[in-house]
There are 2 protein chains.
Amino acid sequence: MRVSRDKLTKRMEEFRAALKRAGLKITPQRLAVFARLAEEDSHPGARAIHGKLKKKMPGLSLDTVYRTLWLFVDLGIVENMGEIDGVRFDANTEPHHHFICRKCGASFDIYCRDFDDLKLPGELSEIGEAMKAMVEVRGICRKCLSRK
Amino acid sequence: MRVSRDKLTKRMEEFRAALKRAGLKITPQRLAVFARLAEEDSHPGARAIHGKLKKKMPGLSLDTVYRTLWLFVDLGIVENMGEIDGVRFDANTEPHHHFICRKCGASFDIYCRDFDDLKLPGELSEIGEAMKAMVEVRGICRKCLSRK
DNA sequence: TCCTAAATTGGAAAAATTACTATTTGGAGG
DNA sequence: CCTCCAAATAGTAATTTTTCCAATTTAGGA
Ligand SMILES: [Mn+2]
Ligand SMILES: [Mn+2]
Ligand SMILES: [Zn+2]
Ligand SMILES: [Zn+2]
């Protein structure tokens, strides 16, 4: 789904401000990658972004796309979804939730009754059939805080 | 952190029941992989599991570990964390949440005020410094439901 | 115990991500 | 406008993660 003109403009302004604030160059590649991502509310991976941009920017390298995306995450203007180093598995079938460290990727179980039976919004049925809802808290874990 | 004897026994029973119900063989490899996962509340990846089991089961192949883990996910006795095909990115910085399809991995934005300011449990500070909390709903998306 | 469909192995292939160096360039300063 | 150079990129190689496959082994029913 495409984002409204207003939102897009706002995001692009935030993008320019964040780069300026950090003293980084505004390059055509960075503009293209961010615009591509900001334009849609889908959640593409690096390869998908690279694939689409390659048509208009034939020289764009995949490395630049990855580097740029992680830079944006560092700057706080983009969020990454999913684990850093591959899929993880969990045999704990009791209702519980997770804390995930943004630095090292470590994950911890959280038990919190209030989270166990969240009332899901009705419009959700337009998207699909919900089976389970869990809370994901993001932050910095103890270990990473101490060796900062 | 190690799981209590009781919980472990219960999980192992569920495991045996699920395999039996599905008419699948109970092999030493499946037992080892599940036990390894059920023993701890950490969230290891396939390689980590394989690495640890290799000491006691030198012949265990990495393929078997992957195959076995995804089988458990299909059976509903194990949950996978993170995206199926790599990290994804999101430039939407407004508070929002996600629906993720278990079949195809597609993700959709959810807007729900009730989810935006969840009150986090106090013990969370023992784990680390929380920065953000979001809800992840899991289920089957429209498209996957229709071509079932 | 025997038999066979199901499961595993080991290695190769594919897919995802990161590393590296030669080359290019944004933008500060003149 | 030019000049210049630290910062950024392209192209490719290396690494990591995940899947595929053919040959071999095995769990468990008969
Ligand atoms: Mn867990
Ligand atoms: Mn989103
Ligand atoms: Zn950490
Ligand atoms: Zn789907």
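Chain letters run A, B, ... following the sequence lines, proteins first and then strands; every chain starts at 1.
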Checklist entry - Just checking, any donor-acceptor pair under 3.5 angstrom between side chains of B:His98 and B:Asp90? => result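 B:His98 vs B:Asp90: donor-acceptor pair found between side chains.
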Item to check | Any side-chain donor near an acceptor of the partner, B:Asp109 and A:His43, under 3.5 Å | outcome: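 Yes - a donor-acceptor pair under 3.5 Å links their side chains.
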Item to check | Contact nearer the 5' end of DNA chain C, comparing B:Asp85 with B:Thr68 | outcome: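 Here B:Thr68 is the residue nearer the 5' end.
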Nearest of [options] to any side-chain atom of [X]?
{"X": "A:Ile26", "options": "C:dT8, C:dG27, C:dT18", "answer": "C:dG27"}
{"X": "A:Arg47", "options": "C:dA7, C:dT9, C:dA16", "answer": "C:dA16"}
{"X": "B:Asp63", "options": "C:dG11, C:dT25, C:dT8", "answer": "C:dG11"}

Next on the checklist: Heavy atoms only, 4.0 Å cut-off, all strands: where does B:Thr64 land among base, sugar-phosphate and nothing?
Outcome noted: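 Here B:Thr64 touches the bases of the nucleic acid.
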Next on the checklist: Over all strands shown, is A:Pro58 touching base, sugar-phosphate only, or nothing at heavy-atom distances under 4.0 angstrom?
Outcome noted: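 Answer is nothing: A:Pro58 stays at 4.0 Å or more from every strand.
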[X] [atom1] - [N] [atom2] separation (whole Å):
{"X": "B:Arg88", "N": "C:dA16", "atom1": "CZ", "atom2": "P", "value": "11 Å"}
{"X": "B:Leu60", "N": "C:dG11", "atom1": "CG", "atom2": "C1'", "value": "15 Å"}
{"X": "A:Lys25", "N": "C:dA28", "atom1": "NZ", "atom2": "P", "value": "10 Å"}
{"X": "A:Leu62", "N": "C:dT17", "atom1": "CG", "atom2": "C1'", "value": "8 Å"}
{"X": "A:Arg67", "N": "C:dA16", "atom1": "CZ", "atom2": "C1'", "value": "17 Å"}
{"X": "B:Glu83", "N": "C:dA16", "atom1": "CD", "atom2": "P", "value": "13 Å"}
{"X": "A:Asn80", "N": "C:dT17", "atom1": "CG", "atom2": "P", "value": "11 Å"}
{"X": "A:Leu31", "N": "C:dG26", "atom1": "CG", "atom2": "P", "value": "11 Å"}

Item to check | Mutual orientation of the aromatic rings belonging to B:Phe34 and B:Phe15 [parallel < 30°, tilted 30-60°, perpendicular > 60°] | outcome: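 B:Phe34 and B:Phe15: parallel rings.
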Next on the checklist: Exactly one of A:Leu37, A:Val33, A:Val65 should register a side-chain contact (heavy atoms from CB on, under 4.5 Å) with B:Phe89. Which one does?
Outcome noted: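 With B:Phe89 as partner, side-chain contact (heavy atoms from CB on, under 4.5 Å) holds for just one option, A:Leu37.
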Next on the checklist: At a heavy-atom distance below 4.0 Å, which nucleotide of DNA chain D is the first touched by chain B, and which is the last?
Outcome noted: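 Contact boundaries, 5' end first: D:dT17 to D:dG28.
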Item to check | Comparing B:Gln29 and B:Ile84 on DNA chain D - which has the more 5′ nearest nucleotide | outcome: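 Result of the comparison: B:Ile84.
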Item to check | Side-chain donor/acceptor of B:Thr64 to backbone N/O of B:Leu60, under 3.5 Å | outcome: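 Here the side-chain-to-backbone pair does not exist.
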Checklist entry - Is there a path from A:Leu75 to A:Ile140 through hydrophobic residues (I, L, V, M, F, W, Y) whose side chains come within less than 4.5 Å of each other? => result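 In one cluster: no.
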Checklist entry - Can you tell me if the side-chain N/O atoms of A:Tyr66 get under 4.0 Å from OP1 or OP2 in C:dT18? => result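 No.
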Next on the checklist: Apply side chain to side chain donor-acceptor pair (under 3.5 Å) to residues A:Arg102 and A:Asn80 and explain how you reach the verdict.
Outcome noted: CA-CA 9 Å; A:Arg102 279 191 163 138; A:Asn80 64 301; 5.7 Å; no
